[in-house]
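Following: one structure in structure tokens, then a few remarks.
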Amino acid sequence: MRRRQQPPLAKRFGLDPARLRLPEEGGWATVRDHLVHRLPRVDPARIDEMLSAGEIVDLAGPLAPDAPYVPGGAVWFHRDLPDEKPVPFDLPVVYHDDTILVADKPHFLATIPRGSHILQTALVRLRRELDLPDLIPAHRLDRATAGLVLFVVDPAHRGAYQSLFQRQRVRKEYEAVAGYRDGLLFPLSLESRIIKEKHVLAAQEVAGAPNARTRIELLERRGDIARYRLHPATGRTHQLRLHMNSLGIPILGDDFYPVITDKSVDDFSRPLQLLAAGLEFTDPLTGEDRRFDSGRSLQAWTDPQGWAGDAEAAPAS
């Protein structure tokens, strides 16, 4: 297997530098000209600043502002980071050895860097706080969902753990707080076909062969709300949220289903009441049966008034 090329720049804030390969064909005289063309969202003056500061490099070192374009070459640099409001919740580690790490992610913290969430992600925070520069997730949780995420400490074993999720060899348990409807008989199983189009926020259920399966159990009921245990047999985007919504009992705090609401990324109120509560699998390296449980609970169940943010909120009893 071909080994990944080692970047000539060190990590910054736990992040690898960006790598851009220079196309074999192109009429650019300098690397600077190509970067201005390739990165239209970056002010050309900022590219000039980075070149002058030696922040754009190739395998031989920093590039001069007038460095000639080399077809087929590559350059590395660290992208400017967006302004991010700190996610004000802890990120406890449930388990950590030389091979894997299990973290108990809070609501509102993305798993990996993406878009406007870079430093305020579980991956970057753990890399920096624990000095684990090669840490990588074996799977992902939505930013809105709290609970357990499995990370791989040694990149050499990444594939072994990722394949557990790809082959559906991990037993996942979730908890949710949602409405209650008479006439639904639990436990029940749902299956549907879910698609998620690029650049479209919400996923949707469509006609066709099912690719998403969920088993749902009723744990407790308090008036018009209830606590549920969810067992996804598959891992489609927003699967649990869609399946609960299709039953007419959308998860409390869901800003996508049944309708998308305009909520600021800096608004940490009324989190989605969905928790990845348990992970269970046979370790692919040791053969050991492993079970991990979240230490979190869902606030709409334990503190409904606090979750609603309204002293006038009716008690859930």
Side-chain angles (χ1 to χ4, degrees), residues 1-87 91 93 96 98-101 103 109-140 143 149 151-159 161-162:
M1 184 174 67
R2 185 177 180 181
R3 294 182 62 86
R4 181 186 175 196
Q5 190 175 43
Q6 187 68 23
L9 283 178
K11 285 183 171 64
R12 187 183 69 173
F13 303 120
L15 295 169
D16 286 321
R19 176 184 182 273
L20 288 185
R21 186 178 182 278
L22 306 182
E24 294 285 354
E25 297 181 358
W28 303 282
T30 66
V31 172
R32 188 260 185 200
D33 292 341
H34 175 68
L35 293 177
V36 170
H37 169 82
R38 184 83 168 266
L39 306 172
R41 295 184 181 180
V42 180
D43 189 325
R46 177 58 184 146
I47 294 175
D48 292 335
E49 289 178 1
M50 296 173 69
L51 285 166
S52 297
E55 296 174 358
I56 301 176
V57 307
D58 63 10
L59 291 176
L63 293 171
D66 60 351
Y69 182 83
V70 180
V75 299
W76 288 260
F77 58 92
H78 285 288
R79 297 183 185 274
D80 291 333
L81 299 176
D83 291 330
E84 297 179 71
K85 184 176 181 178
V87 177
L91 179 61
V93 172
H96 180 198
D98 292 338
T99 305
I100 63 172
L101 179 151
L109 188 69
T111 301
I112 62 172
R114 186 177 182 182
S116 61
H117 306 291
I118 305 296
L119 299 184
Q120 292 301 309
T121 59
L123 177 62
V124 173
R125 278 175 55 168
L126 290 168
R127 280 180 172 180
R128 297 177 67 187
E129 292 170 8
L130 303 178
D131 192 23
L132 295 173
D134 296 322
L135 192 71
I136 197 75
H139 65 121
R140 303 179 193 177
R143 177 176 178 267
V149 183
F151 294 84
V152 182
V153 177
D154 184 347
H157 303 307
R158 175 185 183 183
Y161 289 95
Q162 284 186 329

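We count residues from 1, following the sequence as given. Owing to the predicted nature of the structure, the values given are computational and were not obtained by experimental measurement.
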Measuring from atom [atom1] of [X] to atom [atom2] of [Y], what distance do you get when rounded to the nearest 0.5 angstrom?
X    : Y    : atom1 : atom2 : result
D134 : F151 : CG    : CZ    : 14.0 Å
L22  : R38  : CG    : CZ    : 7.5 Å
I136 : I112 : CD1   : CD1   : 7.5 Å

- Message: Any non-hydrogen side-chain atom of R140 less than 4.5 Å from a side-chain atom of L123?
- Response: no
- Item | Within-4.5 Å side-chain heavy-atom neighbours: H117 and V87 | no
- Item | Side chain E84, main chain Q120, donor-acceptor under 3.5 Å | yes
- Query: Is the backbone of I118 close enough, under 3.5 Å, to the side chain of T121 for a donor and an acceptor to pair up by distance?
  - Reply: yes
Taking all non-hydrogen atoms of both residues into account, name the closest pair between [X] and [Y] and its distance.
X    : Y    : answer
D16  : H78  : C-CE1, 3.9 Å
A74  : D58  : O-CB, 3.5 Å
Q162 : A138 : CG-O, 3.5 Å
A10  : P17  : O-CD, 4.3 Å
I56  : F77  : CG1-CB, 3.9 Å
P113 : L15  : CG-CD2, 3.7 Å

- Should the pair H34 and W28 be assigned to parallel (<30°), tilted (30 to 60°) or perpendicular (>60°) ring geometry? perpendicular
Please indicate whether [X] has more than 12 foreign heavy atoms, meaning atoms of other residues, nucleotides or ligands, lying under 6.0 Å from its [atom1].
X    : atom1 : value
R128 : CZ    : yes
R12  : CZ    : yes
R46  : CZ    : yes

- Show your reasoning for whether side-chain contact (heavy atoms from CB on, under 4.5 Å) applies to L63 and L51. CA-CA 6 Å; L63 293 171; L51 285 166; 4.2 Å; yes
